[in-house]
Amino acid sequence: MKKNTTATFAEMKAKGEKISMLTCYDYSTAKLMDESGINAILVGDSLGNVMLGYEDTLSVTMEDMITYGGAVARACKNTMVVIDMPFMSYQVSVEQALTNAGRLMKEARANAVKLEGGASVCKQIKAITEAGIPVMAHIGMTPQSVNSFGGFKVQGKSEEDAKQIIEDALAVQEAGAFSVVMECVPKDLAALITKKLSIPTIGIGAGNGTDGQVLVYQDMLGMFNDYVPKFVKQYASLGDMMKKAFKDYDREVKETSFPNEEHIFKIDNEIITKLY
Ligand code: KIV
């Protein structure tokens, strides 16, 4: 299999093949995803929630994204790695956006960056793209704007809001984004936008009419139960399996059945007796 790139995304849309994307934040898990044929990994700023325990993504820093993003990039041979630009790393100015996108490419070795917003961030998308850095846009429910939305809510249900999301989608495409994430928008609206765009759409909580899907990996493995959004499908109950393993380990340590003969290193009896 060869490395997934922006060209792969374009080819897959042209052929009507669906694109699989998952979030990931560490080397070991990224290797498993790479070996499983996942097309792209998003090192999302959702790491603020699932890795760092914040209640939203606002406190995530560039340094966080570089540390976790670098770990994922080092694991991926075939899977494309997209790294999120954290809150306030691109909103202040085009210059700052360009500098920070460059850091994610140079220091974390991303294959592309993602940023949130529609028409309002098109200047940044254009500048970053013109510098040779592929940009994935993110519209609909954009978690960095949770305070403006008044909570994590489905977007685009009224005619006015739906029109705004369509305009945002067309604007980010025009600005040069190679793909766009649509989060928490009604299925029929996401499908309509997918038809209108020539770039691939990646949905999360947007139905199956988009060109691809992304989920937070701890959500889809059943490892994160602080809250489980309606759009999540749990493909495994790893949280329960992990708790069982932790409990078994705890019990075996206490009853000294671990470690046993197969886990130990030996020394000559003659030597050990001299040491007493
Ligand atoms: O940060 C993230 O994981 C995301 C996805 C939810 C799309 O932006």
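Every number for a ligand or one of its atoms is a count from 1 in the order of the listing. Quick note: numbers below take in every heavy atom, side chains included, and nothing from hydrogens, waters or symmetry partners.
- Only the side chain of Asp84 comes within contact range of ligand 1, with a heavy atom under 4.0 Å; no backbone atom does.
- Ligand-side atoms of ligand 1 in range of Gly44: 1 (O), 2 (C), 3 (O), range being under 4.0 angstrom from any heavy atom.
- Using a 4.0 Å cut-off between heavy atoms, Asp45 contacts ligand 1 through both its backbone and its side chain.
- Which parts of ligand 1 touch Ile204 is read off a 4.0 Å heavy-atom cut-off, strictly below it: atoms 6 (C).
- Taking the ring axis of Phe9 as reference, the NZ or CZ atom of Lys13 does not stay both within 45° of it and closer than 6.0 Å to the ring centre.
- Ion pairing between Arg103 and Glu63 holds under the 4.0 Å rule for side-chain N and carboxylate O.
- For atom 5 (C) of ligand 1, the nearest protein heavy atom (residue, atom name, distance) is Leu42 CD2, 3.7 Å.
- Glu167 has no carboxylate O lying under 4.0 Å from a charged side-chain N of Lys163, or vice versa, which leaves the two without a salt bridge.
- With rounding to the nearest 0.5 Å, the separation of CE in Met85 from CG in Asp45 is 11.0 Å.
- Using cut-offs of 30° and 60° on the angle between ring planes, the pair His263 and Phe258 is tilted.
- Using a cutoff of 4.0 Å between basic side-chain nitrogens and carboxylate oxygens, Asp250 and Lys254 are scored as salt-bridged.
- At the top of the distance list for atom 8 (O) of ligand 1, counting protein heavy atoms only, stands Lys114 NZ, 3.0 Å.
- With respect to atom 2 (C) of ligand 1, the closest heavy atom belonging to the protein is Ser46 OG, 3.3 Å.
- The side chain to side chain donor-acceptor pair (under 3.5 Å) test with Gln91 is passed by exactly one of Gln96, Gln124, Gln144: Gln144.
- Atoms of ligand 1 found under 4.0 Å from any heavy atom of Thr23 (numbered from 1 in listed order, with element): 3 (O).
- With ligand atoms numbered from 1 in the order given, ligand 1 contributes 7 (C), 8 (O) to contacts under 4.0 Å with heavy atoms of His138.
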